[in-house]
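Note that ligands are numbered from 1 as they come in the structure, with each ligand's atoms numbered from 1 the same way. These numbers come from the heavy atoms of this one structure, side chains and all, not from hydrogens, waters or symmetry mates.
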Amino acid sequence: MDPSLAPNFTPVLRSTSSSSSSPSPPPAPDSRKSPAEYDLAFPPYSLSANRTPHQSADLEEVPHGVSRQARDLASYEFPTHRLAEVLQDSAMQPLVVVACGSFSPITYLHLRMFEMAIDTIRETNQYEVVGGYYSPVSDHYRKAGLAPAKHRVRMCELACERTSSWLMVDAWESLQPTYQRTAVVLDHFNYEINVLRRGVKTKSGERRPVKILLLAGGDLIESMGDPNVWADEDLHHILGRYGCLIIERTGSDVRSFLLSHDIMYQHRHNVIVIKQLIYNDISSTKVRLFIRRGMSVQYLLPNSVIRYIEEHGLYVGMSEPVSNVLKF
Ligand SMILES: Nc1ncnc2c1ncn2[C@@H]1O[C@H](COP(=O)(O)OP(=O)(O)OP(=O)(O)O)[C@@H](O)[C@H]1O
Ligand SMILES: NC(=O)c1ccc[n+]([C@@H]2O[C@H](COP(=O)(O)O)[C@@H](O)[C@H]2O)c1
């Protein structure tokens, strides 16, 4: 059944206590907390499309722990600590941006993708971004270079909490016992946000459904032309029911691809292409290679992620086919 049509909505709204002005004492690293207790030292930021363009977070050195998500489905909770509860401008449609991928490891490019997206979305004057999520793929996605999902989720968490004021990581996909297609992952976000939480409130108290958009690079979109990788039915679901924000990637001609692909063309009004005004081509594959060769990866990914990789000895002993590495 279409999850947004499920009867008897059960609103599960988070507490607003995190807006308290007095900072709490720092929690122990990796302690389990309820979503409402996340990041108490930092008030939630408005993600209005009209937010100050230069708002940033410099949290790298903040000496507090970053909550760790559940490591099994039994204790899983959808993270909402940075999901806006109230739409600031009722003339706008609320929007959540979701990036699916390996993130092995997450880099500054993956973080920049969301900032490029928010700038482009603001220009449309149609949407207000109320949340942004990474959904790292599970270990069942057999791709060379994947560190175990628990590490990839944790690195994304560190990157989000230490360098961003609005991004979150959802571990649901990574905890599934089998590989979940992207269409299913987007349905999960829709279920959590629009069915269980009934969207977001406007200032007058009315509830609005949230539009969910997949954020992806041009290479991922071009892979949608391969019927062995993506089913047509899934593409109609992803592009028709949800929608897509595509970051142009050096060397990929997204606009020609959109024009030539029948399903993409059919749903073109649900697709927003993001031009990279400053090209960023940081590649996780290259980062893994540098680590294996003992080279520096400083300034390619957040310090907290580099420290985590070192502490856990990630990527050091692995090997990848030369053809993989030379592609990037
Ligand atoms: N240089 C880039 N420009 C635009 N988008 C990118 C770029 N690199 C990655 N992406 C996008 O980031 C998302 C997550 O990518 P993912 O971690 O799965 O692969 P990757 O970054 O290419 O890493 P790997 O090198 O391990 O294949 C995908 O949507 C991908 O298209
Ligand atoms: N049919 C599908 O739903 C499908 C196919 C290929 C990749 N993906 C997703 O795209 C993301 C990135 O994949 P790659 O790293 O292989 O480009 C992953 O989250 C993966 O699950 C989904």
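Side chains of R288 and T285: a donor on one and an acceptor on the other come within 3.5 Å. For the residue pair D226/S223, the side-chain donor-acceptor check at 3.5 Å is not satisfied. If you check the side chains of T178 and Q180, you find a donor sitting under 3.5 Å from an acceptor.
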* Carefully, step by step, assess D170 and H188 under the rule side chain to side chain contact (heavy atoms under 4.5 Å, CB included). => CA-CA 10 Å; D170 180 28; H188 153 74; 2.7 Å; yes
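The proximity of K143 to ligand 1, defined as any non-hydrogen pair under 4.0 Å, is limited to the side chain.
Contact between R288 and ligand 1 is present, with at least one heavy atom of the residue lying under 4.0 Å from the ligand. Using a 4.0 Å cutoff on heavy atoms, N280 counts as a contact of ligand 1.
Near M113, meaning under 4.0 Å from any of its heavy atoms, are these atoms of ligand 1: 11 (C), 12 (O). Within ligand 1, the atoms closer than 4.0 Å to a non-hydrogen atom of D281 are 1 (N), 2 (C), numbered from 1 in the order shown. Ligand-side atoms of ligand 1 in range of S102: 16 (P), 17 (O), 18 (O), range being under 4.0 angstrom from any heavy atom. Distances below 4.0 Å separate heavy atoms of Q276 from the following atoms of ligand 1: 3 (N), 4 (C). The L220 neighbourhood of ligand 1 comprises atoms 29 (O), 31 (O), with distances under 4.0 Å to a heavy atom of that residue. Every atom of ligand 1 with a heavy atom of L109 under 4.0 Å away is listed here by number and element: 2 (C), 6 (C), 7 (C), 8 (N), 9 (C), 10 (N). Those atoms of ligand 1 that come under 4.0 Å of a heavy atom in D219, given as number and element, are 30 (C), 31 (O). Under a 4.0 Å criterion applied to the non-hydrogen atoms of A216, ligand 1 contributes the atoms 29 (O).
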Return a table of donor-acceptor pairs under 3.5 angstrom between the side chains of residues 308-317 and protein atoms on other chains or two or more places apart.
from, atom 1, to, atom 2, distance (Å)
Y308, OH, H151, ND1, 2.7
H312, ND1, Y308, O, 3.1
Y315, OH, S104, OG, 2.9

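Checked against a 6.0 Å centroid threshold, the rings of F103 and H110 count as neighbours.
For ligand 1, the polar-atom distance check against E248 finds no nitrogen or oxygen pair separated by under 3.5 Å. Considering backbone and side-chain atoms alike, I282 places every N or O at 3.5 Å or more from each N or O of ligand 1.
Between Y133 and F189, the ring-plane angle classifies as tilted under the 30° and 60° cut-offs.
A distance of 9.0 Å separates CG of L186 from CD of E173, quoted to the nearest 0.5 Å. To the nearest 0.5 angstrom, L111 atom CG is 10.5 Å from M116 atom CE.
Within 4.0 Å of ligand 2, counting heavy atoms only, the contacting residues are C100, G101, S102, V137, Y141, K143, Y179, R181, T182, L220, V229, W230.
Salt bridge E320/R292: present, at least one basic N to carboxylate O contact under 4.0 Å. By the 4.0 Å N-to-carboxylate-O rule, E161 lies too far from R68 to be salt-bridged with it.
A search for salt bridge (Lys or Arg N to Asp or Glu O under 4.0 Å) contacts involving R112 returns nothing, not counting sequence neighbours.
Heavy-atom proximity to atom 29 (O) of ligand 1, evaluated over G218, G217, S283, is greatest for G217.
For residues 131-140, the set of pairs meeting the salt bridge (charged side-chain N to carboxylate O under 4.0 Å, His left out) definition, not counting sequence neighbours, comprises D139-R152.
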